[in-house]
Amino acid sequence: MQRIVVLAGGIGGARFLLGLKQTAPDAEITVIGNTGDDIHLFGLKVCPDLDTVMYTLGGGIHDEQGWGRSEETFTVKEELAAYGVGPSWFGLGDRDFATHIVRTQMISAGYPLSAVTEALCRRWQPGVRLLPMTDDRVETHVLVDDPEAEGGSGQRAVHFQEYWVRMRAEAPARAVVPIGADQAAPAPGVLEAIGAADVVLFPPSNPVVSVGTILAVPGVREAIADAGVPVVGLSPIVGGAPVRGMADRMLAAIGVETTAAAVALHYGSGLLDGWLVDSTDAEAVAEVEAAGVRCRAVPLMMSDADATARMAAQALELAAEVSG
Ligand code: GDP
Ligand code: CA
């Protein structure tokens, strides 16, 4: 049986995983999920990326939106607003609230996030082993310009969700900092899964605030580089732009061009063995290969389940090629 480890953010990671499950129904898939997007709201711990993966694979996702629950209602949010209690910019529905209540209750009772995630997955049966990257608190913050900032620095740090959701990433990001990552330990099972993997995949997730944050947990990058198994990624950048979202803002903050080739070079040949770019980016292949990473141009739009399954199959084929 093939053991596959996938480093996943939210929507891009979750949709890719649906395709991977279709392509490799017998594989044992371990997902290492990003928790840098986590936020405390109304006293509750919300883990947007873990939940997006769990709901998507468990059949509870709001399909068109790509996040949150299907058949959702917003009564609690309206009632909170009637009390004047915010923030109102983060969309939490009634069904979703229940997940965060269960999670927060278990954490208050002393369970680590990894155990809580496992418990939540008992209901959703995602068909993969979903592990948070760490049980420790990591929060991605974004540095933005603010002429009125206290202390005259001219900048202020905002939580990633505030930057992404409330500010819609309109202000340039000057830096992206995964607060707490340097002190975090990989969650139980993370290094073991990497060590036992036959292949490691980077789905088309955000290279900075999803995959980048997971790689910032001490030990994870090293474990992947030292695993001695093929590491293959799929570009989230197509034709010089993110397929959805504002990943270009995050890439600019770390000085990486928004191209399929630049993202591969950013990961580097020390980490990546293979890289898939979209057919429209075929000119990137030579540049990526010159950097020592095997590269193929194939359709990379996750427009439906079959197209996504073909992408996953191509990634596994490239993995077999680089290891053979
Ligand atoms: P988030 O946490 O919800 O932002 O999700 P991820 O980090 O997993 O994925 C976001 C990335 O997925 C974005 O940078 C998008 O460009 C990329 N993405 C979304 N849909 C597609 C697609 O159909 N094809 C490709 N190649 N990338 C995609
Ligand atoms: Ca995310």
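Model, not experiment: these values are computed from the prediction.
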Is there a side-chain contact between [X] and [Y] in this structure, where contact means two heavy atoms from C-beta onward sitting under 4.5 Å apart?
| X | Y | answer |
| --- | --- | --- |
| Pro48 | Val46 | yes |
| Val85 | Phe42 | yes |
| Asp135 | Pro188 | yes |
| Leu215 | Ile224 | yes |
| Lys21 | Phe16 | no |

Does [atom1] in [X] sit with more than 12 non-hydrogen atoms of other residues, nucleotides or ligands closer than 6.0 Å?
| X | atom1 | answer |
| --- | --- | --- |
| Arg168 | CZ | no |
| Glu289 | CD | yes |
| Tyr111 | OH | no |
| Glu222 | CD | yes |
| Gln22 | CD | yes |

Inset, instruction - Verify the cluster assignment for Leu50 and Val211: are they in a single hydrophobic cluster under the rule of side-chain heavy atoms below 4.5 Å apart? - result: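 Hydrophobic grouping puts Leu50 apart from Val211.
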Legend entry - Co-membership, hydrophobic cluster, residues Val217 and Ile32, 4.5 Å side-chain: yes
Legend entry - Linked hydrophobic residues, Phe74 as query - side chain contacts closer than 4.5 Å: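 None; Phe74 is a cluster of one.
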Inset, instruction - Can you label the angle between the Phe202 ring and the Tyr267 ring as parallel, tilted or perpendicular, going by 30° and 60°? - result: perpendicular
Inset, instruction - Apply the side chain to side chain contact (heavy atoms under 4.5 Å, CB included) test between Met133 and each candidate in Leu7, Leu113, Ile214; give the one that qualifies. - result: Ile214
Inset, instruction - Check Leu265, Val285, Val231, Val288 against Trp275 for a side chain to side chain contact (heavy atoms under 4.5 Å, CB included) and give me the one that passes. - result: Val288
Inset, instruction - Take Arg296 and Glu321, measure what salt bridge (Lys or Arg N to Asp or Glu O under 4.0 Å) needs, and give me the verdict at the end. - result: CA-CA 11 Å; Arg296 296 280 174 276; Glu321 201 184 307; 2.3 Å; yes
Inset, instruction - For salt bridge (Lys or Arg N to Asp or Glu O under 4.0 Å), just list the numbers for Arg294 and Asp273, CA-CA rounded to whole Å, side-chain angles, deciding distance to a tenth of an Å, and then say yes or no. - result: CA-CA 6 Å; Arg294 196 81 63 93; Asp273 302 300; over 6 Å; no
Inset, instruction - Please confirm whether Arg69 makes a cation-pi placement over Tyr55, using NZ or CZ under 6.0 Å from the six-membered ring centre and within 45° of the ring normal. - result: yes
Inset, instruction - Kindly determine whether Glu72 and Lys77 satisfy salt bridge (Lys or Arg N to Asp or Glu O under 4.0 Å), including the steps that lead there. - result: CA-CA 12 Å; Glu72 188 58 288; Lys77 195 180 176 198; over 6 Å; no
Inset, instruction - State whether the side chain of Arg249 and the backbone N or O of Glu170 hold a donor-acceptor pair below 3.5 Å, judged by distance alone. - result: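 Flag set: sc Arg249 to bb Glu170 pair under 3.5 Å.
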